[in-house]
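All ligand and atom numbering here is 1-based and tracks the order in the structure.
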Amino acid sequence: MSTEQVTLQAKSPFELRVNLGKEVPEADVRSALASGDMGFLHSFTTGATVDGPGVRVVAWTAGCMWRCLYCHNPDTWTMSNGIPVTVAKAVEELRKYRQGLKAMAGGLTVSGGEPLMQHRFVEKLFAAARGMGIHTALDTNGYYGDRLSDAALDTVSLVLLDLKTSDPERHRALTGMDNAPTHAFARRLAARRLPIWVRYVLVPGLTDDPEDVAKTAAFAGALGNVERVDVLPFHQMGQFKWKKLGLEYKLEHTSPPSNELVEQACVLFRNAGLKAY
Ligand code: SF4
């Protein structure tokens, strides 16, 4: 096994990774982003069962323009923390798992970071995966959804869409960004009948206001293409990364939600006609 393979594979995305692409000249980064022939990956993990249907190979991309207060992978914010990987190399890795993924009704998930920071690389990877008959899932905050052409969306089997909070002000305070582009992307996916699995991180005191959750649920329910909602309890597994990166972590004293609070949120999504877990 080559050094590149050893470093690309990770047991989980919770491994802290920094500066792995810092030697790549800025001009090369720009041309990689423009062509999509090279991407910057935090890691590849295999065997996950929570990032789409069946057993998944997950490519974790580096680079995210949001700054969610509860982000558990802040080392994926910076693209230069990722390992530069050619699309040919990524496809070669994926090919090894092709038969197994099909046998286990799984597929490839591209997550992050925010994959659409490198949308051309993702497009090429998904086109190759679909060419091998592999199911593809895009895990995204949706902000750059308009970067994907309709043809590119045709290579996506499923979108795992992170909805954070409905209230625009609260959304800006939570992520640093507007939620309107995410909502526009969700509507576009709905018009194309492309299935969505919503992911909703439940953080006590930040995203658990029943009225706000109900609004998010109503929005998701009205789309008509949301197959399921996963209410993901906030956890502290990423806290050590904030500290090691010298970032100010504001949720040090926030506890994970109780089972009751998670169930209450699920009920609000179910009230909007959705399957929520
Ligand atoms: S969108 Fe995802 S990767 Fe980006 S800051 Fe938020 S939680 Fe982290």
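Annotation: atom 2 (Fe) of ligand 1 to nearest protein heavy atom, Lys164 NZ, 4.2 Å.
Between Arg199 and Asp51 there is a salt bridge, since a side-chain N of the basic residue sits under 4.0 Å from a carboxylate O of the acidic one. Using a 4.0 Å cut-off between a side-chain N of Lys or Arg and a carboxylate O of Asp or Glu, Lys89 and Glu92 qualify as a salt bridge.
Taking distances strictly below 2.8 Å, the protein N/O/S atoms close to atom 8 (Fe) of ligand 1 are Cys71 SG.
Taking the six-membered ring wherever Trp is involved, the centroid distance between the rings of Tyr144 and His119 does not fall below 6.0 Å.
In terms of hydrophobic clustering, with Ile, Leu, Val, Met, Phe, Trp and Tyr side chains grouped at heavy-atom distances under 4.5 Å, Leu69 and Val203 are assigned to a common cluster. Under the 4.5 Å side-chain heavy-atom criterion for grouping Ile, Leu, Val, Met, Phe, Trp and Tyr, Leu160 is not connected to Phe126 through any hydrophobic cluster.
For Glu252, the CD atom counts as densely surrounded, since its 6.0 Å shell holds more than 12 non-hydrogen atoms of other residues, nucleotides or ligands.
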